[in-house]
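Order of listing sets the numbers, starting from 1, for every ligand and every atom in it.
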Amino acid sequence: MHSIIKQATKAASSSHTAAQAGIVIVGGGLAGLAAAVEALRRTQGSGVTVALLEKEARTGGNSAKASSGINGAGTQTQRKLGINDTVAALEADTLRSARGEGSSVLAERLAQDSAGAVEWLQTQFALDLDVVAQLGGHSVARTHRRPDTPDGRPQPVGWGIVSALAKHLADEPRFRLVAGARVTTLELDGARISGVTYEQDGATRQLDARAVVLATGGFGGGGEWLKRYAPQLEALPATNGAFATGDGLQLATAVGAALVGMERVQVHPTGFVRASEPAAHTKFLAAEALRGAGALLLDARGRRFVDELATRDVVTSAINDACGSPDTRATHAGAEDPGLPAAFLLLSQAAADAFGHGALGFYEKMGLVHSAAGLDALAAALRMPRAALEHSLRAHDEVRNANSVDGFGKRVFPQPALNADAAAPYFWAVVTPSIHYTMGGLRFDEHAHVLRATDGAPIPGLLAAGEVTGGLHGANRLAGNSLLECVVFGREAGRQAAMLALV
Ligand SMILES: Cc1cc2nc3c(=O)[nH]c(=O)nc-3n(C[C@H](O)[C@H](O)[C@H](O)COP(=O)(O)OP(=O)(O)OC[C@H]3O[C@@H](n4cnc5c(N)ncnc54)[C@H](O)[C@@H]3O)c2cc1C
């Protein structure tokens, strides 16, 4: 379900003469698309053109894979649902999750613009971001996603957002998508960025520009940057597309950009292990929203071991500790054991209802989620003692009913764990920690300027947004904050690029 937007046009430039665009955007994920929309809006009536260069055949990037949603604090949707939230609370959650390494200036800007970002998507692109969940590390429900269609089909949130923006751009006469174009160099005119060189169809081409926006995403897909900064994670599977190789870091450091937080790589606790290919490197993500809807985590003996709504780093290290040995790690019956820590993810019927049967049915069709009718069948499928399983679920529900806090510090219990109807289905999966997001990247400021390593000043003509940047999320990104950063800082990069192009 990724890289879904068809190529619109190809560059008509020759390999000898540099073509011109007012603004060049590198990368067609959400950050690049948001930058393009805003740059066009801010240059209306001017004749300034915007070219978006994407190395894949289609736009979308990792943004198209996003499944849990986008954060907004104080949105109209939250108010409609009776959820009280504030900008200060989102900023505080973001910085707490960052473990003291996040930039308060960037977090403040992110939180301040969050409601506007969600409402921009809702009003400008008619996106129905009406389901709001409380995900790990959040003090309140604020992660917005799309509901299933009335006939029960899932509407993946990332795919929906990037499709809507790309469709909007396709109708813009001053916009050009150059697909299959890998940018290899940033060109300089003195100290100022003056364009890019790229490769397309075996030819090397140049495009001059008054401003360049880097929106090339992270480096969780593998390659040299990951090897250099997180060699200890090399054996882990990943949720990222193979295109996420940190190209923007190479491009920008070659013109003097500073890097920050490069060792900070987020391992998501729940990549699905598919019974038919348990050792596959690329894992389909088990959306955070599953745990937000009440999914529990169990070891192979049927014991809970963590607050499922803790931040990703905490849940990941709990799985590593509790589900690492051959007798505690979850596996599929009869399948090869890849030897990596893995847990069972379990939803009651109420949790499945809250998550939505459209998306759950999609996971089932993909062979990622399975169902078992009643506790006996569930215990048999998970190959654990029924009594231990029932004990864990009952203990969870007792604390939930008492409005109390459990032994893992869990205080939000979205749904009961035991089904009221003894014959009703439970839904389960095997999940394993997987490389997911790279917090490190280009040092940037709240106006999306890329900063120089030598003196911290902006590199003239160079902007960046999205996962290619670093410094906002510190040691650990809060769920839902990445789609948000793409919109907030992508739009800001577009705004700044427009100002440069109009001079
Ligand atoms: C499975 C999954 C689920 C996720 N779910 C969520 C979620 O629910 N909520 C949330 O907030 N975040 C989520 N994230 C994280 C989030 O989706 C990404 O961090 C974010 O979308 C990155 O957006 P981006 O625009 O920076 O990069 P991307 O969307 O990855 O786009 C970068 C694009 O740049 C292109 N590119 C790279 N190098 C070059 C080059 N040299 N020349 C030209 N083009 C280039 C790539 O091909 C790619 O298309 C999820 C991530 C994954 C992998």
Please check this pair: side chain of [X] against backbone of [Y], looking for a donor-acceptor N/O pair closer than 3.5 Å.
X	Y	result
Thr469	Gly466	yes
Asp201	Ala203	no
Ser434	Thr432	yes
Ser68	Ala289	yes
Gln155	Pro147	yes
Asn71	Ala479	yes
Glu308	Leu297	yes

Those atoms of ligand 1 less than 4.0 Å from some heavy atom in [X]:
X	answer
Ser67	5 (N), 8 (O)
Asn481	11 (O)
Val26	42 (N), 43 (C)
Gly28	33 (C), 34 (O)
Gly61	28 (P), 29 (O), 30 (O), 31 (O), 48 (C), 49 (O)

| task | Take Thr216 and Asp247 through the side chain to side chain donor-acceptor pair (under 3.5 Å) test and state the conclusion after the steps. | result | CA-CA 7 Å; Thr216 49; Asp247 297 15; over 6 Å; no
N or O pair under 3.5 Å between [X] and ligand 1:
X	result
Arg182	no
Lys55	yes
Asn240	no
Glu56	no
Ala31	yes
Glu467	yes
Leu30	yes

Would you call [X] a ligand 1 contact, heavy-atom distance under 4.0 Å?
X	answer
Arg477	yes
Gly241	no
Ala244	no
Leu53	yes
Gly60	yes
Gly158	no

Return the option from [options] holding the heavy atom at the smallest distance from [atom].
atom	options	value
atom 41 (N) of ligand 1	Val157, Leu484, Asp247	Asp247
atom 9 (N) of ligand 1	Gly69, Gly29, Ala242, Ser482	Gly69
atom 29 (O) of ligand 1	Gly180, Ala181, Cys486, Ser63	Ser63
atom 8 (O) of ligand 1	Gly32, Gly466, Ser68, Ala465	Ser68
atom 32 (C) of ligand 1	Gly27, Gly480, Ala215, Gly220	Ala215

| Backbone, side chain, both or neither: what part of Tyr437 comes under 4.0 angstrom of ligand 1, heavy atoms only? |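 The answer is the side chain of Tyr437.
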| query | Is it true that His473 and Tyr437 have ring centroids separated by less than 6.0 Å? | reply |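 Judged by ring-centre distance (under 6.0 Å), His473 and Tyr437 do meet the cut-off.
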| field | Ring center gap for Phe427 and Tyr363 short of 6.0 angstrom | value |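 So the answer is no for these two rings.
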| task | Applying side chain to side chain donor-acceptor pair (under 3.5 Å), run through Thr245 and Lys55 and close with a yes or a no. | result | CA-CA 12 Å; Thr245 46; Lys55 70 177 174 181; 3.2 Å; yes
| task | Walk me through it: do Val37 and Arg491 pass the test side chain to side chain contact (heavy atoms under 4.5 Å, CB included)? | result | CA-CA 8 Å; Val37 172; Arg491 290 182 72 196; over 6 Å; no
| request: Find the distance between OG (Ser67) and CG (Leu483) and round it off to the nearest 0.5 Å. | output: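 The distance works out to 9.0 Å.
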| Should Arg182 and Gln200 be marked as a side chain to side chain donor-acceptor pair (under 3.5 Å) after you check the CA-CA gap, both sets of side-chain angles, and the distance that decides it? | CA-CA 7 Å; Arg182 189 172 67 87; Gln200 187 189 37; over 6 Å; no
